[in-house]
Amino acid sequence: EVQLQACGGGLVQAGGSLRLSCVVYGFSFETYTIGWFRQDPGKERDPISCIAGSDGTTYYKDSVKGRFTISRDRVENMVYLQMYSLRPEDSAVYYCAARRSGRSDWNNWGQGTQVTVSS
């Protein structure tokens, strides 16, 4: 069964850094795209970044470009989101998700990890 688990969240001061990790189970990077989303209470989940399994192509939301970097480790079945220069508005619950390559629906979601950035 396809499963994902996000971890690495925590409390950090503005301007600081944090690395989120997502462990993936039951599928290969070659056949799935992995994405990072974040969600504030009462709001829809907002896509932040993703990496394509087919060729490693990456996408970043404009507000995080130059500050966040997505990467993957095939051996450890991990996807990372390295975050630098964090701002209070980055505070949210962060989720990793997966979708089958060639499809548009994100059908597999991990449990979120809380990121809180203090001013």
Side-chain angles (χ1 to χ4, degrees):
E1 181 179 352
V2 176
Q3 292 183 316
L4 306 93
Q5 179 63 55
C7 62
L11 176 64
V12 64
Q13 293 183 341
S17 62
L18 202 62
R19 188 179 74 166
L20 305 183
S21 302
C22 178
V23 184
V24 301
Y25 305 93
F27 62 91
S28 66
F29 288 119
E30 287 75 20
T31 57
Y32 280 82
T33 293
I34 308 298
W36 285 98
F37 295 73
R38 65 188 182 190
Q39 184 176 29
D40 290 324
K43 298 182 179 180
E44 295 292 322
R45 291 181 183 179
D46 184 22
I48 302 302
S49 181
C50 67
I51 183 165
S54 58
D55 59 5
T57 300
T58 58
Y59 162 83
Y60 296 95
K61 181 181 176 70
D62 286 344
S63 62
V64 307
K65 287 181 179 178
R67 299 190 298 121
F68 292 9
T69 301
I70 190 170
S71 61
R72 62 188 181 184
D73 184 331
R74 285 187 171 87
V75 175
E76 299 294 333
N77 292 327
M78 300 282 286
V79 177
Y80 303 98
L81 185 67
Q82 179 66 59
M83 305 182 293
Y84 292 104
S85 300
L86 284 164
R87 306 163 181 170
E89 55 264 39
D90 293 320
S91 297
V93 177
Y94 283 70
Y95 299 85
C96 56
R99 64 173 173 86
R100 184 79 180 185
S101 295
R103 296 181 180 270
S104 60
D105 52 326
W106 298 86
N107 289 329
N108 304 101
W109 293 83
Q111 186 174 357
T113 184
Q114 177 70 51
V115 172
T116 302
V117 184
S118 62
S119 60

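For W36 and F68, the ring centers are positioned 6.0 Å apart or more. Ring centers of Y32 and F27: under 6.0 Å apart, within the cut-off.
The two residues C50 and T33 come nearest to each other via the heavy atoms CB-CG2, 4.2 Å. Nearest heavy atoms, D62 versus K65: OD1-NZ, 3.0 Å. Closest approach of Q82 to S17, counting heavy atoms only: NE2-CB, 4.1 Å. The minimum heavy-atom distance between S85 and R67, with the atom names listed, is O-NH1, 3.0 Å. Closest of all the heavy-atom pairs between R38 and S63 is NH2-OG, 3.8 Å. Of all heavy-atom pairs spanning G9 and V115, the tightest one is CA-CG2, 4.1 Å.
Note that CG of L18 and CG of L86 are 6.5 Å apart. Values are rounded to the nearest 0.5 Å. Here the CG atom belonging to L11 is positioned 6.0 Å from the OG1 atom belonging to T116, to the nearest 0.5 angstrom. Here the straight-line distance linking atom CD of Q39 with atom CD1 of I48 works out to 11.0 Å at 0.5 Å rounding. Taking OG1 of T58 as the reference point, atom CD1 of I34 lies at 14.0 Å (rounded to 0.5 Å).
The cationic group of R45 lies under 6.0 Å from the six-membered ring centre of W109 and within 45° of the ring axis, placing it in a cation-pi geometry.
Using a 4.5 Å cut-off on side-chain heavy atoms (C-beta onward), R72 and M78 make no contact. At least one side-chain heavy atom of M83 sits less than 4.5 Å from a side-chain heavy atom of L20.
Without hydrogens or angle criteria, S91 side chain to V117 main chain gives a donor-acceptor distance under 3.5 Å. Judged by distance alone, the side chain of S49 and the main-chain N or O of Y59 form a donor-acceptor pair under 3.5 Å. In this structure, the side chain of D40 does not engage the main chain of K43 through any donor-acceptor pair within 3.5 Å.
Criterion: ILVMFWY side-chain heavy atoms under 4.5 Å apart, direct or through other members. Under it, I70 and V64 are part of a common hydrophobic cluster. Residues F37 and V79 do not share a hydrophobic cluster, clusters being chains of Ile/Leu/Val/Met/Phe/Trp/Tyr side chains in contact below 4.5 Å. Residues Y95 and W106 are members of one and the same hydrophobic cluster, defined by side-chain heavy-atom contacts under 4.5 angstrom among Ile, Leu, Val, Met, Phe, Trp and Tyr. Residues V12 and L81 share a hydrophobic cluster, clusters being chains of Ile/Leu/Val/Met/Phe/Trp/Tyr side chains in contact below 4.5 Å.
Between R87 and D90, no side-chain nitrogen of the basic residue sits less than 4.0 Å from a carboxylate oxygen of the acidic one, so the salt-bridge criterion is not met. Ion pairing between K61 and D46 holds under the 4.0 Å rule for side-chain N and carboxylate O.
In this model, C7 has its SG atom no nearer than 2.5 Å to the SG atom of C22.
Of the options N108, D105, N107, T31, a side chain to side chain contact (heavy atoms under 4.5 Å, CB included) to R100 is made by T31 and by none of the others. Exactly one residue among Y84, Y60, Y80 makes a side chain to side chain contact (heavy atoms under 4.5 Å, CB included) with T69. That residue is Y60.
Heavy-atom contacts from other residues, nucleotides or ligands closer than 6.0 Å to CD of Q114 number more than 12.
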